[in-house]
There are 2 protein chains.
Amino acid sequence: MDVKTKQRYEARARVIKAMAHPSRLFMVDELSRGERCVCELRDMIGADISTISKHLSVLKDAGIVEDEKRGLQVFYHLRVPCILNFFGCVEDVLVANARRMSATIRK
Amino acid sequence: MDVKTKQRYEARARVIKAMAHPSRLFMVDELSRGERCVCELRDMIGADISTISKHLSVLKDAGIVEDEKRGLQVFYHLRVPCILNFFGCVEDVLVANARRMSATIRK
DNA sequence: TCATTACTTGGTTATTTTGCCAACAAGCAA
DNA sequence: TTGCTTGTTGGCAAAATAACCAAGTAATGA
């Protein structure tokens, strides 16, 4: 694999990696319903606000969300809506896994 | 967030996490073109075969690929084709990021 | 000006991930 | 049987991640 191809997969992996955490996945899902401030996400997820803030900056660095400060609050919103397509397919995998599990148990 | 919701996002994150590595992303992309044996993937990626094997077992545990031994070789294939939808969207993010970068430089 | 709220950033510690080597298993062929 | 090839698994060291606390910044209101 040449250097350029390798870099292309590294770039793609960085975007996917940004979503590869339960809290960040929840944030993306929640932001798909509209913008949310950091404190709203903190209330929903229930972690320290510094933890929430760092997760959001991971999503921001990956180019998945954008932020906008208004008054005291910082609102985040999705930058690329197609991210939601992920959920449907991930759900398909999970359904297939559930089937596999029950088939394994029956054996 | 209640326990059940949390578990749902954890399950989803596990699937996405399995793809969140350049080599594993390459494998998924390559397997979308047809089955490949471990040694073919090793030749393309250029890592130790034990490393390749472990990456494949991560994808297998997540339910993304399946394996089939024939003779001396083990062939892997995609289990859920919709995984490919990811690539299109990830590409959109990268294109948007590239635009943002050049806009930033211009400033 | 001073306090308060909403975040971000730095630092620390604990956990997870990654990649290689060594050792082992399984299929095949001489 | 013996040797060779293909792949998996265990173990280890290095690197990356994650979560919290503490400290600092920025906007607002008393």
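Bear in mind the structure is a predicted one, so any value in this text is a computation, not a measurement. Just so we're on the same page: letters track the sequence lines, and every chain starts at 1.
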Original post:
If you measure from the Lys or Arg side-chain nitrogens to the Asp or Glu carboxylate oxygens, is any gap between A:Glu68 and A:Arg70 under 4.0 Å?
Top reply: yes
Original post:
If each of A:Gly46 and A:Lys69 is mapped to the nucleotide of DNA chain D with the nearest heavy atom, which maps nearer the 5' terminus, i.e. the 5' end?
Top reply: A:Gly46
**OP:** Give me the one residue out of B:Met27, B:His77, B:Met44 that meets side-chain contact (heavy atoms from CB on, under 4.5 Å) with B:Arg36.
**Re:** B:Met44
Original post:
Among C:dG27, D:dA18, C:dG19, which nucleotide sits nearest the side chain of A:Arg24?
Top reply: D:dA18
Original post:
In whole angstroms, how far is the P atom of C:dC7 from the CE atom of A:Met27?
Top reply: 12 Å
Original post:
OH of A:Tyr76 versus P of C:dC7: gap in Å, rounded?
Top reply: 9 Å
Subject >> Between D:dA18 (C1') and A:Ile45 (CD1): distance, integer Å >> reply: 14 Å
Subject >> 5' priority, DNA chain C, between A:Asp48 and A:Lys17 [closest heavy atom] >> reply: A:Asp48
Original post:
Where the side chain of A:Leu72 is concerned, which of D:dG7, C:dG19, C:dT5 is the nearest nucleotide?
Top reply: C:dT5
Original post:
Could you give the CD1-to-C1' distance, from A:Ile52 to C:dT9, as a whole number of Å?
Top reply: 16 Å
Original post:
Counting only side-chain N and O atoms of A:Ser53, is one of them less than 4.0 Å from OP1 or OP2 of C:dT8?
Top reply: yes
Original post:
Whole Å only: how far is the CD1 atom of A:Ile49 from the P atom of D:dA18?
Top reply: 19 Å
Original post:
Reckon A:His55 has a side-chain N or O less than 4.0 Å from the OP1 or OP2 of D:dA19?
Top reply: yes
Subject >> Candidates C:dG10, C:dC7, D:dA19 - which lies nearest the side chain of A:Lys54 >> reply: C:dG10
Original post:
Is there a donor-acceptor contact under 3.5 Å linking the side chains of A:Arg79 and B:Asn97?
Top reply: yes
Original post:
What is the distance from CG of A:Leu41 to P of C:dC7, rounded to the nearest Å?
Top reply: 9 Å
**OP:** State plainly whether the residues B:Asp29 and A:Arg12 are in salt-bridge range, i.e. N to O under 4.0 Å.
**Re:** yes
Subject >> Short side-chain N/O contact from A:His21 to OP1 or OP2 of D:dA19, under 4.0 Å >> reply: yes
Original post:
Taking only side-chain nitrogens and oxygens of A:Ser50, does any of them come within less than 4.0 Å of OP1 or OP2 of D:dC20?
Top reply: no
Original post:
Just how far, in rounded Å, is C1' of D:dG7 from CZ of B:Arg42?
Top reply: 10 Å
Original post:
Rounding to a whole Å, what distance do you find between A:Leu59:CG and C:dT8:C1'?
Top reply: 16 Å
Subject >> From CA spacing to verdict: salt bridge (Lys or Arg N to Asp or Glu O under 4.0 Å), B:Arg42, B:Asp48 >> reply: CA-CA 7 Å; B:Arg42 178 207 52 197; B:Asp48 192 277; over 6 Å; no
